[in-house]
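Report on the following structure.
Atom set for the values below is all heavy atoms of this structure, side chains included, hydrogens, waters and symmetry mates excluded.
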Amino acid sequence: MQPVSIVVTELNEAQEIARVVTSLLAQHPPPYELVIVDGGSTDGTWEWLVEAQAREPRLVAIRDETCSLKHSAGPVSRGRNVAIATAKSELIATADAGCTYATDWLRNLTAPLASGVAQYALGGSCLDPDDHSLWDVASAPFFSVKLSPLEPTKSCTARSMAFTKTLWAKIGGFPEDVLVGEDTLFDMSARRETTPAFVNNAKALYHPRNTFRAATHQMARYAVSDGQARVRSGRLVRNAARCLLQIAALVLLRWSVYPFVFVVLLESWYAYHRDLRALLPFGAKSVGARFIFSVAVPWVVAINHIKGLFTSEQLTNWQNKNS
């Protein structure tokens, strides 16, 4: 296996940092190095990294306070770019502080690059089978998160992504002018240069622990970012059309039940067509929660995408609020 540098950027992740570092250093074969950029944590994360670095020579911890919203519109991208620029390997794998990784993740993800088949590989993510909430399950497919490690994926999430340093440099790195959706924009640029390899057995194990409010808030932030970046207009049109259909069905209910039945069937398709078989084992509550979340999705996406078209207000997240 060729040398691979794993890169992570984080801020105020004291509750997660030990778990993700442990899982990344436990890869077989091991990474050449694990480069972590801390954006100026105030919750003890940086102190933990300093102590861990003293014990583990493969861990490269960098504190760069410009990788926060105080100094950058896109702190996640900036932190990732700083880490990649520091990395010594030509092969780069990106990971996320909110995830953990199976011991064969790195080998599987980078296999297409190591063999020369691809310059860019995507592993996707799935819910941690041992650590998830009801609303994690309900919202999963709307964030391109799978319910099972065995499901095929074409997600472009930076939770599990690998590429050559040459490709990263050629497309100018991750865009530092957006807070969220930076991996989508990177993916769009990368696909103009090369075709990605999709690796089914290299998923990040994600554990967001969402409530309904937290999941819809996250989706709203992504939609605002899409609007500000003027991307995914087709998604806006589809979700706005769903909103109009829901309104029309309720208005017409006075005269006919058929439009309402049609909308229920349509929304059921949106809710379940991606992963119904994987969803059923989670039980009736999860099935019902999925339908509720699916009905809310077009409203959250359409309203916030339109908001993004007309506002330049800087987005934030809880890590930066606490810094």
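Within a 6.0 Å sphere centred on OH of Y32, other residues, nucleotides and ligands contribute 12 heavy atoms or fewer. Residue-environment remark: NZ (K307) stays at or below the threshold of 12 foreign heavy atoms within 6.0 Å. More than 12 non-hydrogen atoms from other residues, nucleotides or ligands lie less than 6.0 angstrom from CD of E47. Heavy-atom neighbours of R230 CZ from other residues, nucleotides or ligands within 6.0 Å: above the threshold of 12.
The backbone N or O of A102 lies less than 3.5 Å from a partner atom in the side chain of Q27, making a donor-acceptor pair. S115 places a side-chain N or O within 3.5 Å of a backbone atom of P112 that can act as its donor or acceptor partner.
For the pair Y222 and N304, the minimum side-chain heavy-atom distance is 4.5 Å or more. L179 has its side chain within reach of R221: a pair of non-hydrogen atoms, C-beta onward, lies under 4.5 Å apart. In this structure, the side chains of L49 and W46 come closer than 4.5 Å at one or more pairs of heavy atoms.
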Under 3.5 Å donor-acceptor pairs involving side-chain atoms of residues 258-266, not counting sequence neighbours:
none

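For the pair R78 and F174, the cation-pi criterion (under 6.0 Å, within 45° of the ring axis) is not fulfilled.
Aromatic rings from F163 and F186 are positioned such that their centres are separated by under 6.0 Å. The distance between the ring centers of H132 and F282 falls below 6.0 angstrom.
Checked for salt-bridge contact, E33 and R58 miss the test: no charged N lies under 4.0 Å from a carboxylate O. Between E151 and K203 there is no salt bridge, since none of the side-chain N atoms of the basic residue sits less than 4.0 Å from a carboxylate O of the acidic one. Under 4.0 Å is where a charged nitrogen must lie from a carboxylate oxygen, and between D187 and K154 no such pair does. Electrostatic pairing of D131 and R19 counts as a salt bridge here, judged by a charged N lying under 4.0 Å from a carboxylate O.
The salt bridge (charged side-chain N to carboxylate O under 4.0 Å, His left out) search around D38 returns R63, not counting sequence neighbours. Partners of R274 by salt bridge (charged side-chain N to carboxylate O under 4.0 Å, His left out), not counting sequence neighbours: none found.
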Problem - Derivation of the side chain to side chain donor-acceptor pair (under 3.5 Å) call for E193 and Q119 - result: CA-CA 9 Å; E193 302 293 337; Q119 302 178 64; over 6 Å; no
Handout entry: Step-by-step salt bridge (Lys or Arg N to Asp or Glu O under 4.0 Å) determination, D226 to R235
Key = CA-CA 10 Å; D226 285 346; R235 184 170 182 250; 3.4 Å; yes
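With rounding to the nearest 0.5 angstrom, the CD1 atom of I36 is 7.0 Å from the CG atom of L24.
Side-chain atoms of S23 and T100 include no donor-acceptor pair closer than 3.5 Å.
Clustering ILVMFWY residues whenever any of their side-chain heavy atoms sit less than 4.5 angstrom apart, transitively, puts F291 in the very cluster that holds L276.
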